[in-house]
Trainee: 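A single structure is presented below for examination.
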Number of protein chains: 2
Amino acid sequence: MNIITTGMLKKERHAFIIRQINLHNKVLSSDLGLQLQVSEDTVRRDLNELAESGKIIKVHGGALSKSFHFPYEQKDVYAQDSKKEVARKAIGLISEGMTVLTGGGTTMLEMARLVPDDLEATFFTISPVVALELAEKKLLTVNLIGGTLNKNAQVNMGAKTISDLSEIGVDLCFLGTNGIDLKEGITDSEWEVLQVKKAMIKASARIAIMCISEKLNSVKKMKVCSLSTIDYLITDLSPTDPKLRPYEGNTKII
Amino acid sequence: MNIITTGMLKKERHAFIIRQINLHNKVLSSDLGLQLQVSEDTVRRDLNELAESGKIIKVHGGALSKSFHFPYEQKDVYAQDSKKEVARKAIGLISEGMTVLTGGGTTMLEMARLVPDDLEATFFTISPVVALELAEKKLLTVNLIGGTLNKNAQVNMGAKTISDLSEIGVDLCFLGTNGIDLKEGITDSEWEVLQVKKAMIKASARIAIMCISEKLNSVKKMKVCSLSTIDYLITDLSPTDPKLRPYEGNTKII
DNA sequence: CTTTATTTTGCGTTATCATGCAGTATTGAT
DNA sequence: ATCAATACTGCATGATAACGCAAAATAAAG
């Protein structure tokens with residue numbers, strides 16, 4: 001257990017830390033300092049870097065494995081400000097009496113929370129989490145599209161979901177995305193997700209993509225749709241931000 | 001049950017507390033103090049933080065599960081033990097590879113929590129809350145029946161739900177009920193609920209009614225089905241309890 | 001092989017956080 | 001109304017973190 005180490009390079013320390021975390025689900029800065037024979041400052045800097053790139057979760061006193069299993073109710077705790085900003089803007093697109101379709105994810109959940117109490121509208125969603133949040137608003141009609149619950153994404157997927165989506169028609173669809181790029185348009189890395197998104201797009205008169213700025217200009221494996229399909233692009237940036245300029249066209253930047 | 005823990009990070013304590021609450025529906029600050037080896041002050045501060053972010057409901061002496069805080073009931077913490085007992089017994093009816101259909105409500109939720117991690121089975125449910133809880137179990141396939149989310153009961157209802165239910169066939173259906181009586185059988189007070197329950201019964205080879213003993217011998221306005229339809233009656237009482245004697249017949253008392 | 005630039009690291013300082021304790025207030029049950 | 005259990009407040013203490021800077025190590029260039 002006691003690993004003696006001398007003159008390790010930063011990369012090696014990082015690897016060591018990741019290994020320790022995978023092994024124990026947690027590490028203490030103080031322990032690492034001793035094991036790696038470096039100051040705790042260095043350890044803390046290492047942990048910061050690893051946390052920055054999303055490999056671990058840094059907490060006071062050390063760090064936790066990212067797969068640290070939290071019960072579902074708190075998976076969404078870390079809704080970053082950028083997501084909140086996107087959600088806030090998205091709400092502006094919804095007007096009285098509208099029929100809206102949404103996916104899942106933290107940004108959508110945040111949007112559900114921000115729906116004003118006096119809005120009367122009809123929502124369809126594939127996300128039970130979003131549905132439950134929307135159900136808090138007294139004037140909304142909330143329809144949950146059924147299907148097989150995907151454990152990671154916590155949204156319904158599969159054949160049933162897609163066939164049910166083909167039976168509805170809505171005014172506006174809010175979609176999150178991991179990949180958005182000028183040339184490739186909207187892309188995704190999971191095939192199942194791709195199918196569902198395509199079905200959602202077909203079901204909707206207008207499409208709004210919600211996307212935090214750090215995901216701009218990234219391409220994933222498979223294409224969902226081209227940019228021309230998108231009616232609104234909602235980001236945390238100002239609509240006049242130069243980074244968004246290339247996306248102007250058919251798409252309204254919000 | 002006495003879990004020994006040393007040098008836990010705050011986040012770990014939080015996760016531990018959430019797990020305990022999910023397990024028992026309630027925690028006492030005093031217990032947590034001992035289990036986590038910290039002062040009750042620290043426990044209380046932890047509980048405050050968790051309550052602050054809406055993950056639990058803090059009460060005098062400890063905290064309660066949030067999803068336990070269903071719109072309808074919440075009176076006494078200890079009456080819930082009977083539901084737990086019903087849920088525990090219900091689990092016994094589920095065997096490997098089975099296809100199961102469930103409704104919503106606290107007893108169902110409790111059952112979902114108690115499903116063993118190593119059970120491989122397929123679940124259908126009309127409750128997003130139950131679905132999300134079931135999704136925590138790695139080996140389960142969870143299918144959520146769509147529909148219009150009823151804000152009070154937090155289950156899907158309406159025409160879509162009923163037509164979807166008509167398309168499936170399962171081995172066993174777990175139903176809660178407010179009214180059960182020798183002569184009238186299973187009764188309910190809401191028309192919408194009635195329709196859904198009937199559809200669930202039609203979809204299932206066998207029917208299990210889950211019912212805490214205080215609801216025995218009560219009649220509601222509308223009839224769901226007669227007692228002869230019921231295969232299992234699960235209560236918090238011993239199967240040999242004289243109160244249950246009258247219900248013996250086609251129905252197996254558990 | 002120097003010399004120079006860049007990065008990394010450790011240390012002192014200051015700020016922040018976490019925790020337990022003592023005293024006081026509040027609660028809930030009888 | 002009383003009493004014991006539970007909660008909250010403020011504070012002291014030790015732990016951890018952040019900041020800035022200078023020494024050391026590493027890489028790059030001449």
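It should be emphasised that the depicted structure is a prediction, and the values quoted were computed from it without experimental measurement. Residue numbers begin at 1 in each chain, while the letters A, B, ... track the order of the sequences. Scope of the values below: all heavy atoms of this structure, side chains included, with no hydrogens, waters or symmetry mates.
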Trainee: So which one's nearest nucleotide on DNA chain D is more toward 5', A:Ser30 or A:Asp41?
Mentor: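 Between the two, 5'-proximity favours A:Ser30.
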Trainee: What nucleic acid atoms does A:Val43 come within less than 4.0 Å of, heavy atoms only: base, sugar-phosphate, or nothing?
Mentor: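 The answer is nothing, as A:Val43 stays clear of every strand by at least 4.0 Å.
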Trainee: Output the rounded distance in Å from CG (B:Leu34) to P (C:dG20).
Mentor: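 Checked: the CG to P distance equals 12 Å.
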Trainee: Measure CG/B:Asp46 against P/C:dG20 and give the value in whole Å, please.
Mentor: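 Between P of C:dG20 and CG of B:Asp46: 10 Å.
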Trainee: Whole-Å distance between D:dT6 P and B:Leu28 CG?
Mentor: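 After rounding, the gap between these two atoms is 8 Å.
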Trainee: Among D:dC8, C:dT19, C:dT9, which is the nearest nucleotide to the side chain of B:Arg44?
Mentor: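 Closest of the options to the side chain of B:Arg44: D:dC8.
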Trainee: With side chains defined as the heavy atoms from C-beta onward, is the minimum distance between B:Phe174 and B:Thr107 less than 4.5 Å?
Mentor: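 SC-SC contact between B:Phe174 and B:Thr107 ruled out.
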Trainee: Would you say B:Ser39 reaches C:dT19's phosphate, i.e. side-chain N/O to OP1/OP2 under 4.0 Å?
Mentor: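 Indeed not, no polar side-chain atom of B:Ser39 lies that close.
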Trainee: In terms of side-chain heavy atoms of B:His60, which of C:dG12, C:dT9, C:dT27 is nearest?
Mentor: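 Selected nucleotide: C:dT27.
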Trainee: Ignoring the backbone of A:Thr42, work out which of C:dT19, C:dC21, C:dT9 is nearest its side chain.
Mentor: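 It is C:dT9.
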Trainee: Remember a base hit wins even if backbone is also touched, and classify B:Gly62 as base, sugar-phosphate or nothing at under 4.0 Å, heavy atoms.
Mentor: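 Result for B:Gly62 = sugar-phosphate.
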Trainee: Please give, in whole Å, the distance from D:dT6 C1' to B:Asp31 CG?
Mentor: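 It is 14 Å, rounded to the nearest whole Å.
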Trainee: Would you call B:Lys221 and B:Trp191 a side-chain contact if the rule is heavy atoms closer than 4.5 Å?
Mentor: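 Not in contact.
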Trainee: Are any of B:Asn48's side-chain N or O atoms less than 4.0 Å away from OP1 or OP2 of D:dA7?
Mentor: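 Checking B:Asn48 against D:dA7: no side-chain N or O falls below 4.0 Å of OP1 or OP2.
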Trainee: From the options B:Lys58, B:Arg13, B:Lys55, B:Lys11, select the one residue that forms a salt bridge (charged side-chain N to carboxylate O under 4.0 Å, His left out) with B:Asp46.
Mentor: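 Option passing the salt bridge (charged side-chain N to carboxylate O under 4.0 Å, His left out) with B:Asp46: B:Arg13.
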Trainee: Does D:dT26 have OP1 or OP2 sitting under 4.0 Å from an N or O in the side chain of A:Lys11?
Mentor: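 False: A:Lys11 side-chain N/O out of range (4.0 Å or more) of D:dT26 OP1/OP2.
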Trainee: With a non-hydrogen cut-off below 4.0 angstrom, is B:Ser29 in contact with a base, only sugar-phosphate, or nothing?
Mentor: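 It contacts sugar-phosphate atoms only.
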Trainee: Taking NZ from A:Lys26 and C1' from D:dT16, how many angstroms apart are they, rounded to a whole number?
Mentor: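 Distance, rounded to whole Å: 15 Å.
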Trainee: To the nearest Å, give me how far apart NZ (A:Lys58) and C1' (D:dA17) are.
Mentor: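 Nearest whole value for this atom pair: 7 Å.
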Trainee: To the nearest 0.5 Å, what is the distance between CD1 (B:Ile234) and CG (B:Leu237)?
Mentor: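 Going from the CD1 atom of B:Ile234 to the CG atom of B:Leu237 covers 13.0 Å.
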Trainee: Rounded off to whole Å, could you give me the CD-to-P distance for the B:Glu40 and C:dG20 pair?
Mentor: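 To the nearest whole Å, that distance equals 11 Å.
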Trainee: State, with a plain yes or no, whether a side-chain heavy atom of A:Glu49 is found less than 4.5 Å away from one of A:Lys10.
Mentor: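 A:Glu49 vs A:Lys10: side chains touch.
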Trainee: Report the distance from atom CZ of A:Arg45 to atom P of D:dA17, rounded to the nearest whole Å.
Mentor: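 These atoms are roughly 13 Å apart.
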Trainee: Closest approach to the side chain of A:Lys10, judged atom by atom: which nucleotide of C:dT8, C:dC11, C:dG20 is it?
Mentor: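 So the nucleotide nearest the side chain must be C:dT8.
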